Amino acid sequence: MNIKRLGKIASVLFLCIVFLFGFSQLGVLAFNTFLQPSERLTDNTKVAGVNLSGLTGIEAERVLGEKLEAWKAGARLSVQLVEKSQLLDLAQLSIDIPESIHLAQSSSNSPLIINMSDKTMGEWLLAVFPEVKEEMVNLEALKAELVSNIDLSEPTIHTINLLDYVNDAFPEDITVAEVRKTEIPPTTGIAEFIEAFHEIEIKGHSQVSLLGILDDKGSLAVNSDELSVIASLLYELIFQTNFAVIERNLSRELPQDGEIGLEAKVDKESNMDFIFTNPNENAYKLHFLTEQNGIQAVLKGAPFSFQYRLALEDAQKLSPKTILQYSPEVADSAVNLIEPGEKGALIRSNREHYDKSGNQLEIERIAEDYYPPVHRVEMRSLKRAESSEGGNGLGEESTNFDDEDSLIIEETNQIGNEEETDIGSNLDKTDSLESDDPTNIWTDPGEIIK
């Protein structure tokens with residue numbers, strides 16, 4: 001090999017080494033210059049609440065990435081439509097950290113950049129809220145609301161009301177619940193109430209008191225019985241919604257109309273009110289209407305995501321006991337009826353939750369109504385009591401009687417043995433709660449008038 005040829009080979013090798021060395025150095029310089037700038041971010045530069053002042057691009061990406069993962073572990077972002085709410089899967093949020101840093105402005109708190117297409121967002125909404133179509137929602141505004149509530153400096157708990165981003169194609173003023181009472185003719189007081197309160201707005205997260213709205217309107221010629229009819233109508237209406245009952249009162253006697261489980265008694269003098277609340281973000285409108293042979297209550301607003309139904313169960317008749325009083329002034333075979341007695345009742349009211357497909361989701365216990373029985377009271381001859389049970393009316397215990405009227409309490413099942421009568425059209429079960437245990441007399445014997 002001659003020296004000239006060797007020199008050419010050495011020159012080629014030298015040029016290759018210089019090229020490789022220079023390319024590697026220039027590549028690092030170009031990467032740092034164009035892709036990962038070495039210049040530091042200016043003071044007061046924040047992205048989603050995280051201060052990145054004085055950091056390089058690489059450092060800012062690392063810090064922002066760590067904050068994002070920690071935030072996802074504790075944040076709760078959800079979208080709500082009326083009473084249905086769904087958490088967003090934060091792990092699937094496509095957040096562009098480099099682009100968020102690149103677009104960050106100095107001396108300001110810039111939002112994160114989320115790469116989520118309208119199609120992806122629309123598919124998610126349709127899966128969770130099938131009653132809402134993609135074209136009905138302002139997706140850009142919804143995503144902007146989502147981004148604005150991402151603050152990586154603290155755990156975020158926020159609910160987005162989807163109704164705020166739904167256009168006019170979504171019905172927000174339709175009838176969502178209604179109750180008719182055709183067997184109750186509108187009295188003068190009820191007619192005056194309906195005329196005064198033809199429409200009542202129930203704002204979101206607000207409470208409605210029947211006595212409260214009555215006081216706001218001034219004096220109306222409506223009595224407690226008429227107010228109770230209106231309250232009972234509202235109570236039955238609420239079973240078709242997710243509204244919550246705050247206060248409801250019952251009579252001590254069975255309702256005259258026989259509809260146990262649906263009574264709501266209102267009495268201004270006794271401060272007995274009917275109060276309920278709207279737990280939803282959106283408002284509803286309550287309308288009262290008079291019909292030819294009754295009254296009607298209608299609730300209008302955004303439709304509920306679930307269906308609600310009233311279910312009455314475990315209806316029981318409570319048979320009264322018989323309380324016997326003995327007196328020497330009563331003839332031997334005579335029986336003076338002091339109190340004829342009345343049956344009581346017990347019933348449980350549930351609200352059943354169903355999805356749009358008719359699948360039962362939940363059974364919610366709303367109330368357990370109890371109407372105590374009124375015991376039958378009979379006055380009998382004292383001699384009749386002494387001649388029974390070996391000379392006295394209490395078995396082996398000896399009792400001395402003076403000239404005054406004497407009192408002996410006994411239990412019988414006379415009422416329970418009589419033919420049962422129906423106490424309400426909605427009773428599906430008629431269990432008699434009778435017992436021979438003397439402790440089952442609920443009336444205090446000391447209260448019985450001699």
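Only a predicted model underlies this, so the values are computations on that prediction, with no experimental measurement involved.
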Task: Single hit among Ile347, Leu346, Leu250 for side chain to side chain contact (heavy atoms under 4.5 Å, CB included) with Tyr370 - done: Leu346
Of the non-hydrogen atoms in [X] and [Y], which two are nearest, and what is the gap between them?
{"X": "Ala196", "Y": "Leu220", "answer": "CB-CD1, 4.0 Å"}
{"X": "Leu233", "Y": "Gln296", "answer": "CD2-C, 4.0 Å"}
{"X": "Leu254", "Y": "Ala345", "answer": "CD2-CB, 3.5 Å"}

Open item on the list: List the residues meeting side-chain hydrogen bond (donor to acceptor under 3.5 Å, both in side chains) with Arg252, not counting sequence neighbours, and say none if there are none.
Closed with: none
TODO: Just grab all the salt bridge (charged side-chain N to carboxylate O under 4.0 Å, His left out) pairs involving residues 222-234, residues at least two apart or on different chains.
DONE: none
- [ ] Name all pairs fulfilling the salt bridge (charged side-chain N to carboxylate O under 4.0 Å, His left out) condition that reach into residues 144-157, sequence neighbours left out, sorted by first residue then second.
- [x] none
With sequence neighbours excluded, residues passing side-chain contact (heavy atoms from CB on, under 4.5 Å) with [X]:
{"X": "Val374", "result": "Glu339, Glu342"}
{"X": "Asp216", "result": "none"}
{"X": "Glu69", "result": "Lys72"}

Could you list the residues that satisfy salt bridge (Lys or Arg N to Asp or Glu O under 4.0 Å) with [X], not counting sequence neighbours?
{"X": "Lys143", "answer": "Asp118, Glu140"}
{"X": "Arg248", "answer": "Asp369"}
{"X": "Glu192", "answer": "none"}
{"X": "Glu123", "answer": "none"}

Open item on the list: One thing to verify: whether Arg365 and Glu313 come together as a salt bridge, which I'm taking to mean a side-chain N less than 4.0 angstrom from a carboxylate O.
Closed with: yes
Does the side chain of [X] pick up a donor-acceptor pair with the side chain of [Y] at under 3.5 Å?
{"X": "Asp273", "Y": "Ser209", "result": "yes"}
{"X": "Asn350", "Y": "Glu352", "result": "no"}
{"X": "Glu364", "Y": "His353", "result": "yes"}
{"X": "Ser78", "Y": "Gln86", "result": "no"}
{"X": "Asn280", "Y": "Asn242", "result": "yes"}

Task: Expected output: side-chain Ser327 to main-chain Glu329 donor-acceptor under 3.5 Å - done: yes
Open item on the list: Between Lys84 and Val128 (side chain of the first, backbone of the second, donor and acceptor by atom type, cut-off under 3.5 Å), is there such a pair?
Closed with: yes
Under 6.0 Å from the [atom1] atom of [X], do we count more than 12 heavy atoms belonging to anything else shown?
{"X": "Lys356", "atom1": "NZ", "value": "yes"}
{"X": "Asp89", "atom1": "CG", "value": "yes"}
{"X": "His102", "atom1": "NE2", "value": "no"}
{"X": "Lys67", "atom1": "NZ", "value": "no"}

- [ ] For the residue pair Ile260 and Tyr371, establish whether any side-chain heavy-atom pair is separated by less than 4.5 Å.
- [x] yes
Task: Residues that Phe193 engages under ring pair (Phe, Tyr, Trp, His ring centres under 6.0 Å), provided they are two or more places apart - done: Phe197, Phe288
Open item on the list: Can you list everything that forms a ring pair (Phe, Tyr, Trp, His ring centres under 6.0 Å) with Tyr235? Sequence neighbours excluded, please.
Closed with: Phe239
TODO: Please work out which of the three classes, parallel, tilted or perpendicular, describes the rings of Tyr284 and Phe243, given edges at 30° and 60°.
DONE: perpendicular
